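Just so it is clear: chains get the letters A, B, ... in the order the sequence lines come, proteins before strands, and each one is counted from 1. Everything numeric in this text was worked out from a predicted model, so none of it was measured.
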Amino acid sequence: MRVQKPKGTVDILPDTSYQWDKVENIAKNFFRKANYQEIRTPMFENYEIFSRSSGESSDVVEKEMYDFMDKGDRHIALRPEGTAGVVRAYVENKLYGPEYPKPYNVFYIASMFRYERPQAGRQREFHQIGVESFGSDNALADVETIVLAHDLLSTLGIKKYELHINSLGNEAVRTAYRQALVDYFTPIKDKLSDDSQRRLKTNPLRILDSKDEEDIEFVSNAPRIRDYLDDESKKNFEFIIRTLSELKIDYVLDDDLVRGLDYYTGVIFEFMVEDTSLWQSKTTILGGGRYNHLVEEFDGPKTPAVGFGIGEERLMLVLKAQNPELLTDSNIDFYITNIGEETITKTVEIARELRKQGLKVQYDVEQKKLKAQFKKADKAKAKYVITLGVQEIEENTLNIKRLSDGKSYAFNMDEIANVNDLLQKLER
RNA sequence: GCGGAAUUGGUGAAGCGGUUAACACUCCGGUUUGUGGAUCCGGCAUGCGUGGGUUCGAGCCCCACAUUCCGCCCCA
């Protein structure tokens, strides 16, 4: 048997799982403070849910989808992103009903799947933390979403990033703009890179995003979508950037920012990190925007919506570089070393009592020699060691040693009933 | 999907086509048994990603595949 995980997947082992736990808990608490509730949707959906929402010709659908026929001959796909499934759940459960608050705000933390070549911060199974807000077309909802993204990153201790922002406008705007780009690039087609010549047919907007030297001079003179925005979109966008400025949230107006999924209709934004020790070029760790037609696309009522998603793997990489203290493990408080079979029961009792009072406590279930138990205490990074022998039991004393300086203290055994007082004495 | 590099024990790794795969760390045991992170002593790969091939003989050469990493496409 080949014992090997599938390509592009990772095991998150105990030496790092607590880091994920920590980050996810911070995110959850953060969202709840803004009154966003968690939603959990299936990790697979009918294929059409994703193909219709992301766009049939998008790369995500064309080559990155993990799809298969199930035993009932249903075309199933593992979710490549979070929004489509949440929108489907919103419609199917009629969460647009009058009894639900508007906007209807949710968050999720879940695995996503894309069939791609793995790289640093890119896997076939990866994790996203995302939020969606349904029901408000007010530009303040866009601001709130961006503010949440910004504040979550800063709560996590990520400081060095750029917020890029742009607006795609409504569908008519995008169609007109797309045509303008085609009209602009077609005459000079031969001078573009091979990739961009291909993009001209499949997704002209992406040419703006090209890193190719050949394209850059043409891109700078290309028509800008801001000049094509309808009054409504323009007004909203202006409100958004003005409010962000007033809130002292820095941003970069990025005419070349486009996003890979077809469903965006208004403001779009990305939080990008530049760190050459991690990635050669700027990398997006969080992306989002407004999508006002997706609910209708899924046969729901006309419902505007806005949201964002964070790539958790990339977030972890950036955190390791920018806020390593957040990712350090917490040590245990007490390791109980004991000598002799007569002391076993008392050892377990002390451990239970201390745990009940909220402390992290361990003892040696293997009952090795005292010396080996001390070594285990070191390895577990225990702050204190309690040593329990028949002597202590007879005298009813509690023998505590601080590992950092090797000082020992004797207390009355009864004092474990209130370990916080005890700790205070120890810390003096 | 395209291009490049890598793959030796728990870890970091050395290794000439030719007897028992160096060294270090970790780990385990011991250093006379109730106090640790030091020193010292001892132990720890029947195997060199997988499968073929070349050869008297392969970890070292050839081929295929797999996986990982880097870049591109694209994206989180």
Side-chain angles (χ1 to χ4, degrees), chain A residues 1-10 15 54-55 57-65 79-83 110-130 149 193-199 202-203 205-207 209-212 258-261 270-273 276 278-288 308-318 335-340 343 364 366 368-382 384-393 399-408:
Chain A
M1 186 175 70
R2 183 149 129 276
V3 184
Q4 190 171 246
K5 62 187 176 323
K7 180 175 179 147
T9 61
V10 294
D15 64 345
S54 299
S57 66
S58 68
D59 267 47
V60 168
V61 170
E62 271 197 340
K63 62 175 199 189
E64 294 167 9
M65 199 96 96
R79 65 177 165 222
E81 55 97 30
T83 301
S111 309
M112 309 291 159
F113 304 85
R114 288 186 203 174
Y115 192 87
E116 284 201 284
R117 286 284 274 268
Q119 276 176 39
R122 176 195 290 179
Q123 294 158 199
R124 290 188 172 183
E125 180 185 20
F126 63 103
H127 299 82
Q128 277 192 350
I129 300 175
S193 66
D194 292 346
D195 281 329
S196 286
Q197 292 190 30
R198 181 179 51 75
R199 290 180 182 120
T202 57
N203 195 346
L205 268 64
R206 285 238 77 93
I207 299 175
D209 211 23
S210 175
K211 297 174 200 103
D212 205 303
V258 293
R259 304 219 69 235
L261 306 167
E270 293 187 356
F271 287 72
M272 308 180 87
V273 170
T276 47
L278 260 31
W279 300 287
Q280 193 166 294
S281 49
K282 268 185 207 169
T283 298
T284 303
I285 60 168
L286 181 157
F308 68 77
I310 303 175
E312 226 177 329
E313 276 75 9
R314 291 181 184 183
L315 178 69
M316 299 302 287
L317 287 174
V318 175
Y335 198 98
I336 308 175
T337 61
N338 67 308
I339 308 148
T343 61
D364 183 29
E366 291 193 281
K368 301 243 178 184
K369 294 198 300 191
L370 186 64
K371 194 184 186 86
Q373 293 192 35
F374 263 87
K375 284 188 177 176
K376 289 191 182 194
D378 281 324
K379 183 139 286 181
K381 296 193 190 115
Y384 299 103
V385 170
I386 294 174
T387 300
L388 187 72
V390 282
Q391 194 182 318
E392 280 79 8
I393 291 181
N399 177 347
I400 299 181
K401 182 173 188 173
R402 184 191 294 121
L403 286 182
S404 56
D405 59 8
K407 288 208 174 93
S408 292

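A:Lys371 comes within 4.0 angstrom of a base, heavy atoms only. If you check every strand for non-hydrogen atoms under 4.0 Å, A:Glu116 touches a base. Residue contacts for A:Gln119: at a heavy-atom cut-off of 4.0 Å it reaches a base atom on one of the strands shown. Residue contacts shown for A:Thr284 are limited to sugar-phosphate atoms, with no base heavy atom under 4.0 Å away. When heavy atoms are screened at a 4.0 angstrom cut-off, A:Lys376 is found touching no nucleic acid atom at all. At a threshold of 4.0 angstrom between heavy atoms, the contacts of A:Gly82 with the nucleic acid are absent. Note on A:Glu313: nothing from the nucleic acid sits closer than 4.0 angstrom, heavy atoms only. Using a 4.0 Å heavy-atom cutoff across all strands shown, A:Gly340 reaches no nucleic acid atom at all. Counting any heavy atom pair closer than 4.0 Å across all strands shown, A:Glu125 reaches no nucleic acid atom.
Contacts of A:Leu317 classified as side-chain contact (heavy atoms from CB on, under 4.5 Å), with partners at least two apart in sequence or in another chain: A:Leu278, A:Trp279. Under the ring-ring contact (aromatic ring centres under 6.0 Å, His included) criterion, A:Phe113 pairs with no residue at all, not counting sequence neighbours. For A:Lys368, the side-chain contact (heavy atoms from CB on, under 4.5 Å) test picks out A:Asp364, A:Glu366, A:Ala372, A:Lys376, with sequence neighbours left out. In this view, A:Thr284 and A:Glu270, A:Met272 satisfy the side-chain contact (heavy atoms from CB on, under 4.5 Å) rule, not counting sequence neighbours. Checked against side-chain contact (heavy atoms from CB on, under 4.5 Å), A:Asp15 has the following partners two or more places apart in sequence or in another chain: A:Leu13. Qualifying salt bridge (Lys or Arg N to Asp or Glu O under 4.0 Å) partners for A:Lys7, counting only residues two or more places apart in sequence or in other chains: none. Judged as a ring-ring contact (aromatic ring centres under 6.0 Å, His included), and not counting sequence neighbours, A:Tyr335 has no contacts. Every residue two or more places apart in sequence or in another chain was checked for a salt bridge (Lys or Arg N to Asp or Glu O under 4.0 Å) with A:Glu313, and none qualifies. Looking at residues two or more places apart in sequence or on another chain, you find no salt bridge (Lys or Arg N to Asp or Glu O under 4.0 Å) involving A:Glu312.
Taking the side chain of A:Asn399 as heavy atoms from C-beta on, and the options B:C75, B:G34, B:U67, the nearest nucleotide is B:G34. The listed nucleotides are B:G30, B:U68, B:G34; the one nearest the side chain of A:Lys369 is B:G30. Listed candidates were B:G36, B:C75, B:U68. Nearest to the side chain of A:Lys7 is B:U68.
A distance of about 15 Å separates the C1' atoms of B:G43 and B:C25, rounded to the whole Å. Rounded to the nearest Å, the gap between the C1' atom of B:U20 and that of B:G3 is 44 Å. B:U26 and B:A5 are spaced 36 Å apart, taking the P atom of each and rounding to whole Å. Comparing the C1' positions of B:A6 and B:C65 gives an interatomic distance of 16 Å, to the nearest angstrom. Distance check on atom P: B:G47 versus B:A21 gives 12 Å, rounded to whole Å. With both ends at atom P, the span from B:U67 to B:G57 equals 32 Å, rounded to whole Å. Separation of the P atoms belonging to B:G53 and B:A14 is 30 Å when rounded to the nearest angstrom. Atom name C1', nucleotides B:C2 and B:G15: the rounded distance is 35 Å, in whole Å.
The minimum heavy-atom distance linking A:Ala377 with A:Val385 is given by the pair CB-CG2, 3.6 Å. Across all non-hydrogen atoms, the minimal contact from A:Glu125 to A:Ser111 is OE2-OG, 3.1 Å.
Atom-to-atom, CG of A:Leu403 to P of B:A38 comes out at 14 Å; the value is rounded to the nearest Å. Note: CZ (A:Arg114) to P (B:C73) measures 16 Å, nearest angstrom. Spacing between atom OH of A:Tyr384 and atom C1' of B:G37 amounts to 18 Å, rounded to whole angstrom units. Between A:Ile393 atom CD1 and B:G34 atom P the separation is 15 Å, expressed in whole Å. As a whole-Å value, the separation of A:Leu370 CG from B:G36 P is 8 Å. As rounded to whole Å, 13 Å separates atom P of B:C28 from atom CD of A:Gln373. Note: CG (A:Leu205) to P (B:C73) measures 16 Å, nearest angstrom. Atoms CZ (A:Phe113) and P (B:C74) sit 24 Å apart, rounded to a whole Å.
The phosphate of B:G29 has OP1 or OP2 within less than 4.0 Å of a side-chain N or O from A:Lys368. Put simply, A:Lys375 has no side-chain N or O that comes within less than 4.0 Å of OP1 or OP2 on B:U35.
Stem analysis of RNA chain B (Watson-Crick or G-U pairs, both distances under 3.5 Å, runs of at least three) returns B:1-7 with B:66-72, B:10-12 with B:23-25, B:27-30 with B:40-43, B:49-53 with B:61-65.
The base of B:G34 is paired with the side chain of A:Glu392 by a donor and an acceptor separated by under 3.5 Å. For B:C73, the base has no donor-acceptor partner in the side chain of A:Arg117 [N/O atoms by modelled type, under 3.5 angstrom].
Taken to the nearest 0.5 Å, the CG atom of A:Asn338 stands 5.0 Å off from the CD atom of A:Gln373.
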Show the distances under 3.5 angstrom between N or O atoms of the protein and N or O atoms of nucleotides 10-12 of chain B.
none

All N/O contacts under 3.5 Å from nucleotides 49-52 of chain B to the protein, with atom names and distances to one decimal?
none

Please evaluate residues A:Leu388 and A:Ile393 with respect to the criterion side-chain contact (heavy atoms from CB on, under 4.5 Å), reporting the C-alpha separation (whole Å), side-chain torsions for both, the decisive distance (0.1 Å), and the verdict. CA-CA 7 Å; A:Leu388 187 72; A:Ile393 291 181; 4.1 Å; yes
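Residues A:Lys5 and A:Asp378 both approach RNA chain B. Their nearest nucleotides, taken by heavy-atom distance, put A:Asp378 toward the 5′ side. Each of A:Thr9 and A:Lys401 was assigned the nucleotide of RNA chain B with the nearest heavy atom; the assignment lying further toward the 5' end belongs to A:Lys401.
A:Phe374 does not qualify as a stacking partner of the B:G37 base, lacking a centre-to-centre distance under 5.5 Å together with planes within 30°.
Contact check on A:Asp405 versus A:Arg402 returns a salt bridge, with a Lys/Arg side-chain nitrogen under 4.0 Å from an Asp/Glu carboxylate oxygen.
In this structure, A:Arg114 contributes its side chain and A:Pro80 its backbone to a donor-acceptor pair below 3.5 Å.
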